[in-house]
Amino acid sequence: MGSDDIFKKRRMERKKRAHDFKSPKANSFLIVTEGEKTEPYYFNGLKNQILENVGGTVDIVEVPEIDIYGQGTSTERLIEITEEYVNKAKIIYQNIWVIFDKDDFTDFDSAITNGISKGYSIGWSNQSFEYWLFLHFDYSDADLHRHEWNEKLDVLFKQYHLTAAGYEKNLKNLYMLLDSIGGVDTAIRNAKRRMDNFRVGIDKPSAYAPGTMVYQLVDQLRSYLN
């Protein structure tokens with residue numbers, strides 16, 4: 001083998017080592033969602049607010065790195081996809097969140113357990129993310145089907161004059177609309193109230209309806225705005 005080939009080989013090996021090395025990133029978030037529109041739109045709205053408010057004070061508070069991916073898939077597969085993103089990432093995320101609903105999935109509880117075993121935080125909702133959205137307006141512990149939450153949101157969006165057409169899943173400014181009426185802080189309070197009696201490791205998330213752990217992620221992200 002010629003000297004040029006040896007140098008090329010060594011250069012490629014150095015590049016590979018540099019690529020394989022990952023550095024931990026403080027205040028970094030990886031958020032992987034089951035929904036392809038509603039959840040990513042919501043969290044991207046919050047992400048943008050954080051970057052706007054914190055971006056000018058990086059010398060005091062490090063700007064969080066937040067990557068959000070919307071996936072339309074089953075719950076167990078979502079855990080696998082999250083692991084794929086983690087392995088491909090160029091950094092080591094400090095916070096990894098997986099957001100999914102119970103809907104009609106039968107692997108809901110096992111997916112939560114599996115995700116937690118991998119060190120992920122699970123922002124589950126039973127039955128759906130729309131229950132979390134409803135909590136931006138009012139408290140409820142009624143066990144309703146996801147379609148019923150959608151209907152309630154449709155009425156509320158019109159009542160609060162957020163949109164003329166009511167609630168839609170493709171609202172790109174979803175977070176800002178809800179925050180404009182003070183709904184995000186209201187939702188966190190309502191969710192904490194509802195989940196106060198949930199016993200982690202004892203109660204099954206699939207049997208705790210309605211319920212949502214999304215507030216934990218939102219509360220954590222909102223701390224960067226204070």
Side-chain angles (χ1 to χ4, degrees), residues 19-20 22-51 62-133 135-136 146 149 169-176 178 184 187-188 191 195 200 205-206 208 211-224:
H19 177 74
D20 290 342
K22 296 182 180 182
S23 59
K25 177 70 173 178
N27 297 330
S28 60
F29 290 79
L30 172 65
I31 303 172
V32 181
T33 72
E34 170 200 348
E36 296 180 90
K37 290 186 178 180
T38 306
E39 292 93 327
Y41 288 161
Y42 182 92
F43 286 111
N44 272 310
L46 178 50
K47 170 185 175 179
N48 292 336
Q49 188 180 59
I50 291 171
L51 295 180
E62 186 175 357
V63 176
E65 181 159 336
I66 308 170
D67 293 333
I68 304 166
Y69 300 94
Q71 299 288 336
T73 185
S74 66
T75 49
E76 279 288 4
R77 177 58 185 146
L78 197 64
I79 300 298
E80 295 174 3
I81 291 173
T82 301
E83 192 167 17
E84 292 171 7
Y85 277 119
V86 170
N87 292 334
K88 290 188 297 183
K90 296 181 180 180
I91 65 170
I92 298 175
Y93 287 100
Q94 184 181 20
N95 305 278
I96 301 171
W97 280 85
V98 190
I99 310 297
F100 57 81
D101 302 342
K102 179 181 181 297
D103 288 334
D104 296 320
F105 293 124
T106 58
D107 60 349
F108 186 66
D109 292 321
S110 61
I112 293 172
T113 301
N114 186 22
I116 292 174
S117 72
K118 295 179 183 296
Y120 307 154
S121 299
I122 310 297
W124 58 265
S125 295
N126 186 1
Q127 255 200 354
S128 68
F129 189 75
E130 275 68 28
Y131 172 62
W132 161 250
L133 297 182
L135 294 178
H136 288 67
R146 59 183 180 276
W149 291 120
K169 283 184 169 292
N170 60 347
L171 291 170
K172 293 185 178 181
N173 60 340
L174 177 62
Y175 174 83
M176 297 306 296
L178 294 171
V184 180
I188 293 172
M195 302 308 296
V200 177
S206 61
Y208 201 88
T212 182
M213 288 294 190
V214 173
Y215 78 93
Q216 294 181 334
L217 171 57
V218 177
D219 199 20
Q220 186 179 2
L221 290 172
R222 292 272 288 186
S223 67
Y224 290 100

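Residues: numbered from 1 along the sequence shown.
A side-chain donor from one of Asn27 and Tyr224 sits under 3.5 Å from a side-chain acceptor of the other. Of the N and O atoms on the side chains of Asn95 and Gln220, at least one donor lies less than 3.5 Å from an acceptor on the other residue. Glu76 and Ser110 share a donor-acceptor pair across their side chains, judged by distance under 3.5 Å alone.
Looking only at distances, no side-chain donor or acceptor of Ser125 sits under 3.5 Å from a matching main-chain atom of Gln127. Panel note: side chain Asn126, backbone Gly211; no donor-acceptor pair is recorded below 3.5 Å. Of the possible donor and acceptor atoms, one in the side chain of Thr38 sits under 3.5 Å from a partner among the backbone N and O of Lys169. At least one donor-acceptor pair closer than 3.5 Å links the side chain of Ser28 to the backbone N or O of Gln94. Not a single donor-acceptor pair under 3.5 Å links the side chain of Asp219 to the backbone N or O of Tyr215.
Taking every heavy atom of both residues into account, Ile79 and Gly115 meet most closely at CD1-CA, 3.8 Å. For the pair Pro40 and Gly70, the tightest heavy-atom approach, listed with the atom from each and the gap, is CG-CA, 3.7 Å. Tyr175 and Tyr42 make their closest contact through CB-O, 3.2 Å (heavy atoms, listed as atom of the first residue, atom of the second, distance). Closest of all the heavy-atom pairs between Leu30 and Val86 is CD2-CG2, 3.8 Å.
Counting only heavy atoms from C-beta outward, the side chains of Phe105 and Leu78 never approach each other to under 4.5 Å. Between Ser121 and Val98, the closest side-chain pair of non-hydrogen atoms is not below 4.5 Å. Counting heavy atoms from C-beta on, the side chains of Gln49 and Arg222 come closer than 4.5 Å. Considering only heavy atoms from C-beta on, Tyr120 comes within 4.5 Å of Thr82 through its side chain. At least one side-chain heavy atom of Val184 sits less than 4.5 Å from a side-chain heavy atom of His136. Side-chain contact between Pro205 and Asp109 is present, with heavy atoms from C-beta onward closer than 4.5 Å.
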- Task: Take Trp97 and Phe29 through the side-chain contact (heavy atoms from CB on, under 4.5 Å) test and state the conclusion after the steps.
- Result: CA-CA 7 Å; Trp97 280 85; Phe29 290 79; 4.3 Å; yes

- Task: Decide yes or no on side-chain contact (heavy atoms from CB on, under 4.5 Å) for Val218 and Phe43, but give the supporting numbers first.
- Result: CA-CA 8 Å; Val218 177; Phe43 286 111; 4.0 Å; yes

- Task: Kindly determine whether Leu174 and Leu133 satisfy side-chain contact (heavy atoms from CB on, under 4.5 Å), including the steps that lead there.
- Result: CA-CA 10 Å; Leu174 177 62; Leu133 297 182; 4.1 Å; yes

- Message: For Asn87 and Glu84: C-alpha separation, side-chain torsions, deciding distance, then whether side-chain contact (heavy atoms from CB on, under 4.5 Å) applies.
- Response: CA-CA 5 Å; Asn87 292 334; Glu84 292 171 7; 5.7 Å; no

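Going from atom CH2 of Trp132 over to atom CD1 of Ile99 covers 10.0 Å, rounded to the nearest 0.5 Å. Separating the CG atom in Asn44 from the CD atom in Glu39 is a distance of 11.5 Å, to the nearest 0.5 Å. One finds the CG atom of Asp107 at 3.0 Å from the OG1 atom of Thr75 (value rounded to the nearest 0.5 Å). To the nearest 0.5 angstrom, Leu46 atom CG is 7.5 Å from Leu217 atom CG. Note: Tyr93 OH to Ile31 CD1 = 10.0 Å, rounded to the nearest 0.5 Å. Note that the NZ atom of Lys172 and the OH atom of Tyr41 stand 4.5 Å from one another [nearest 0.5 Å].
Looking at Asp101 and Arg146, no side-chain N of the basic residue comes within less than 4.0 Å of a carboxylate O on the acidic one, giving no salt bridge. Between Glu83 and Lys88 there is no salt bridge, since none of the side-chain N atoms of the basic residue sits less than 4.0 Å from a carboxylate O of the acidic one.
The aromatic ring centroids of Phe100 and Phe108 lie less than 6.0 Å from each other.
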